[in-house]
Amino acid sequence: MAPSPDAVTEPLRAVIFDVDGVLVDSPHEQAWREALADFADPSGFTTAFYQAYVAGKRRLEGARATLERLGGSGAAAQAAAYAEKKQAVIDRLIAEDRFEAFPDAIRFAEALRGLPLRTVLASASKNADALLARVILSEGRTLLSLFDADVSGREVPRGKPDPALFLLAAAAVDTPPWQCLVVEDAPAGIRAAKAGGMAGLGIARLGDEALLRAARADLVLTSLDELDMRALPSGVLRTRPVPPSHI
Ligand SMILES: [Mg+2]
């Protein structure tokens with residue numbers, strides 16, 4: 001049989017998840033912005049700025065990138081203090097439950113439980129498990145409990161777009177990279193997946209489909225509900241066929 005044009009990988013064995021912006025609408029962006037007021041004018045810290053220079057990076061790298069662009073000369077020297085302040089703000093926001101899990105992401109993670117695929121969390125953030133443990137699903141389960149492994153916040157030599165964290169995630173479930181799919185909302189994360197030899201599913205929640213495509217995502221969706229779950233285990237990434245009644 002001729003290979004399907006949709007087939008981008010070998011049969012899939014694992015799905016690796018970024019957390020912020022994929023599973024939860026986490027308060028990182030807000031925490032960075034709030035904390036910035038002590039160090040620079042926060043008005044330049046837009047969502048686009050956050051996505052371009054901070055999202056997916058390790059805390060100190062994000063702090064430095066921000067102060068280099070928005071602070072005055074020498075501001076970058078305060079990166080460690082800014083990073084520390086941001087952590088204090090986000091600890092408070094998480095404790096106050098100031099974030100939402102994306103309903104389509106919960107449905108997707110639940111549906112994966114019924115498929116022969118391992119699931120791994122791979123956020124650059126050390127707070128990922130704390131966030132997911134606060135999302136309570138039916139029967140008292142937490143969103144965190146749906147995943148088989150978690151390498152979030154592990155020390156790696158370089159942050160995304162370097163593939164190191166995703167390679168660690170693949171190893172955590174004993175799966176070769178080419179049988180892994182990465183789900184990411186940030187272009188740097190898609191680039192990391194591709195650099196690691198993995199398939200990349202871009203989730204465009206901010207209207208940034210073009211940036212995710214430019215990062216060479218194999219498929220870009222605006223909701224995970226659009227994904228064809230039946231085709232997924234064979235490594236075929238495509239949108240769900242539309243039921244005839246909807247045509
Ligand atoms: Mg993200």
Side-chain angles (χ1 to χ4, degrees), residues 15-33 45-63 65-66 83 86-87 90 93-94 98-106 108-109 119-132 134-135 143-144 146-147 150-154 156 158-169 180-196 198-224 227:
V15 182
I16 298 171
F17 285 83
D18 175 48
V19 174
D20 305 309
V22 172
L23 297 173
V24 292
D25 185 9
S26 52
H28 285 281
E29 182 183 336
Q30 189 185 339
W32 280 113
R33 190 178 294 115
F45 196 94
T46 60
T47 293
F49 183 95
Y50 172 74
Q51 283 292 109
Y53 301 113
V54 185
K57 290 195 179 157
R58 288 176 300 179
R59 199 181 304 150
L60 192 56
E61 284 175 20
T66 300
K86 181 263 173 175
Q87 187 56 32
I90 198 156
L93 295 176
I94 292 172
R98 299 262 294 275
F99 65 95
E100 301 281 344
F102 292 111
D104 64 314
I106 294 175
F108 181 57
T119 52
V120 195
L121 298 165
S123 167
S125 165
K126 290 184 167 67
N127 302 111
D129 56 348
L131 275 166
L132 299 184
R134 294 187 74 89
V135 179
L143 183 50
L144 182 63
L146 297 185
F147 298 89
D150 180 11
V151 299
S152 298
R154 290 269 196 91
V156 285
R158 282 169 299 279
K160 302 166 190 176
D162 189 278
L165 189 66
F166 290 152
L167 293 173
L168 213 56
C180 292
L181 168 67
V182 170
V183 187
E184 260 287 353
D185 69 313
I190 292 292
R191 284 200 293 276
K194 301 312 292 180
M198 303 174 182
L201 170 58
I203 175 81
R205 301 197 189 278
L206 302 168
D208 48 356
E209 289 97 329
L211 289 175
L212 291 165
R213 282 204 190 91
R216 293 200 302 120
D218 295 282
L219 181 66
V220 178
L221 301 175
T222 53
S223 162
L224 290 165
L227 189 64

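When a ligand or atom number is given, it counts from 1 through the structure's own listing order. These numbers were taken from a predicted model, which means no experiment stands behind them.
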Donor-acceptor pair, [X] side chain versus [Y] backbone, under 3.5 Å?
X: Arg59; Y: Ala83; answer: no
X: Asp104; Y: Leu224; answer: yes
X: Arg58; Y: Val156; answer: yes

Worksheet item: What are the protein N, O or S atoms, given as residue plus atom name, that sit under 2.8 Å from the Mg ion (ligand 1)?
Response: Asp18 OD2, Asp20 O, Asp185 OD1
Worksheet item: How long is the span from the CD1 atom in Ile90 to the CD atom in Gln30, to the nearest 0.5 Å?
Response: 9.0 Å
Discussion item. Over 60° means perpendicular and under 30° means parallel, so tell me whether Phe147 and Phe17 are parallel, tilted or perpendicular.
Written reply: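 Rings of Phe147 and Phe17: perpendicular, over 60°.
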Worksheet item: Can you pull the side chain to side chain donor-acceptor pair (under 3.5 Å) pairs that have at least one residue in residues 183-194, sequence neighbours excluded?
Response: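 For residues 183-194, and leaving out neighbouring residues, the side chain to side chain donor-acceptor pair (under 3.5 Å) pairs sorted by first residue read Lys160-Glu184, Lys194-Asp218.
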